[in-house]
Amino acid sequence: MTSQQPADGTPPDASADIPPHAPADPSTDISASGTSASDTSSGGSTQGRSGPRRRPLRASLITLAALTVVAAGGIGATGVLGGDGDGSAEAAPSTPAKSATVDKTTLTRSETVDGVLGFGEATTVQAPASGGGSGNQGSTAGGADSGTGSDSGSDTGSGTLTWLPDVGDEIKRGETVYSSDEQKSVLLYGSTPLYRTLDVGSEGKDVLMLERNLAELGHTGFTVDDEYTDTTADAVRAWQDDLGKAETGEVTPADAVVAPGARRVAEVKAARGGALSGEILTWTVTGRVVTVDLEVRFEGLVKDGMKANVTLPNGTIVAAEVTDIGAAATAAPSDGDAEATAEDATLPVELTIKDQKKLGRYQAAPVDVTMTAETRTDVLAVPVNALIARQGGGYAVQAITGDSVENRPVELGLFADGLVEVSGTGITEGLRVGVPG
């Protein structure tokens, strides 16, 4: 990422001994947007993208190297490097060859990273455990999208698979995930898997999950809570009748698979006629999402609900929102590479796209994700190359008033799109300032 600014908004001393007009770092891409100042100079251009597809975060802040080049350019144009550093106006330099104006504008700092459009991470549907615990056990903590109606300690059920979905099929609440011995196992929405047989007297989160689904499927006559009562059993019998199953009034782990919502079949791992055991299929969410492996040191740049723009390979820009931020994980080193370190860790970030139609026919594709990190409205800004380094520290601009020119100290704020926020005595909207020729 680009150089850090101190808390007071002043960037590091740009008077380091760096050769004037050194080329900018080709890996830096200034991607922020803002209303451009009326710069009559040709400075402030940005570098195009280069390097491999897997790139670091493309920061929109101006690099230290760029500031030092600006300082060198300003010095070369005027022959003056600030005076006493006490904040007063400095000795008048010669009139610069070119100028720009101080504009009131909105600056937006954006960060652009690589992302992947797809259906997100796939999870596995396992065969239910054979048998099932007593329905009168206490509740357990619910898992996430486990994709199984059984406890995770076993992956072997009993029976023969008689029906399986196809890849790409979408399965909604109450619809069949697979059939064993012609008995349907259907999808229920929730986070607590079926890990035991539920019957009258059962209590717990799994009972609440079941009753919520029964209500959503149109069954009535019971109270939606965490207690399995006689009225719950009556609703279960009606549900079993709809599915063409024996009306036992009990629910076993083989009767349903639990997931947070509708699912799309990504891969079918079992075969019809095979034993009901092990992995049956994998599935994903139904809507296309964007995933980003964000370098962990940039964790502070994202938060849930942050808005973003996704640029598709054809240039179409689609609105997105950050909906999930995972835990940081260090990738295993590839063959021949050095051992992975904490610096190699990435943070999985998922963004959802509300308007799926704008994605067109893309099912999987590399995309650019631009997130707005900071916005400053109605601030005074000048082109970055209008800054000159002052002796003793700090920065100034060359204020042009009539035939006179003087260096006026400035305090710096947000950098974006080749501009920098400035403030200070005598810095007003419309003021002409010098820029390198």
Side-chain angles (χ1 to χ4, degrees), residues 125-137 139 142 146-151 157-166 169-265 268 270 272-277 280-281 283 286:
V125 174
Q126 298 274 358
S130 58
S134 168
N136 295 319
Q137 301 175 53
S139 64
S146 60
T148 176
S150 65
D151 52 7
S158 61
T160 300
L161 288 167
T162 53
W163 183 87
L164 289 166
D166 294 324
D169 284 355
E170 293 187 5
I171 304 173
K172 299 179 181 178
R173 188 200 313 264
E175 296 180 347
T176 305
V177 178
Y178 64 87
S179 292
S180 173
D181 297 338
E182 298 295 342
Q183 298 299 302
K184 297 176 181 178
S185 182
V186 301
L187 174 62
L188 298 181
Y189 292 175
S191 59
T192 305
L194 286 173
Y195 64 95
R196 56 176 176 160
T197 297
L198 300 179
D199 56 13
V200 176
S202 298
E203 296 183 8
K205 293 180 180 179
D206 48 354
V207 175
L208 178 60
M209 177 277 298
L210 172 65
E211 292 185 345
R212 283 174 173 169
N213 279 275
L214 290 174
E216 289 293 331
L217 291 170
H219 298 285
T220 59
F222 61 95
T223 301
V224 176
D225 55 20
D226 62 358
E227 297 181 5
Y228 199 113
T229 63
D230 289 330
T231 55
T232 304
D234 290 339
V236 168
R237 291 187 185 95
W239 175 48
Q240 290 170 332
D241 181 56
D242 292 343
L243 295 174
K245 306 181 75 167
E247 299 172 31
T248 64
E250 299 178 350
V251 178
T252 71
D255 289 328
V257 180
V258 181
R263 287 293 179 263
R264 175 184 181 274
V265 178
V268 178
R272 297 185 188 184
L276 177 60
S277 63
I280 299 174
L281 55 85
W283 57 16
T286 56

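The shown structure was predicted, so the numbers you read here are calculated from the model rather than taken from an experiment. Values below: every heavy atom of this structure, side chains too, minus hydrogens, waters and symmetry copies.
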Exercise. Between Thr286, Leu281, Ile280, which is the residue that forms a side-chain contact (heavy atoms from CB on, under 4.5 Å) with Trp283?
Worked result: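 Exactly one candidate clears the test, Leu281.
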
Check for a donor-acceptor pair, side chain of [X] on one end and backbone N or O of [Y] on the other, with a separation under 3.5 Å.
| X | Y | answer |
| --- | --- | --- |
| Lys245 | Gln183 | no |
| Tyr189 | Arg173 | yes |
| Gln240 | Thr248 | yes |
| Asp226 | Val207 | no |
| Thr162 | Glu182 | yes |

Indicate yes or no: at least one non-hydrogen side-chain atom of [X] is less than 4.5 angstrom from one of [Y].
| X | Y | answer |
| --- | --- | --- |
| Pro253 | Thr197 | yes |
| Tyr228 | Leu210 | yes |
| Arg263 | Val125 | no |
| Thr176 | Pro165 | no |
| Val236 | Leu214 | yes |
| Phe222 | Glu211 | yes |

Problem set entry | Under the side-chain contact (heavy atoms from CB on, under 4.5 Å) test, residues paired with Glu175 that sit two or more places apart |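 side-chain contact (heavy atoms from CB on, under 4.5 Å) list for Glu175, sorted by chain: Ile171, Lys172.
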
Problem set entry | side-chain contact (heavy atoms from CB on, under 4.5 Å) partners of Arg212, counting only residues at least two apart | Leu208, Val224

Problem set entry | Pairwise distance CG(Asp242) to CZ(Arg237) - rounded to 0.5 angstrom | 14.5 Å

Problem set entry | CD on Glu203 to CD on Glu227, rounded to 0.5 Å |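 Output value for this atom pair is 4.5 Å.
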
Grab the two heavy atoms, one from [X] and one from [Y], that are nearest each other, plus how far apart they are.
| X | Y | result |
| --- | --- | --- |
| Gly174 | Leu243 | O-CD2, 4.5 Å |
| Ser185 | Ala254 | OG-O, 3.2 Å |
| Leu187 | Ala262 | CD2-CA, 4.3 Å |
| Leu161 | Ala270 | CD1-CB, 3.5 Å |
| Asp255 | Glu250 | OD2-O, 4.0 Å |
| Val258 | Ser191 | CG1-N, 4.1 Å |

For this session: Would you please say whether a donor-acceptor pair under 3.5 Å links the side chains of Thr231 and Asp234?
Result: no

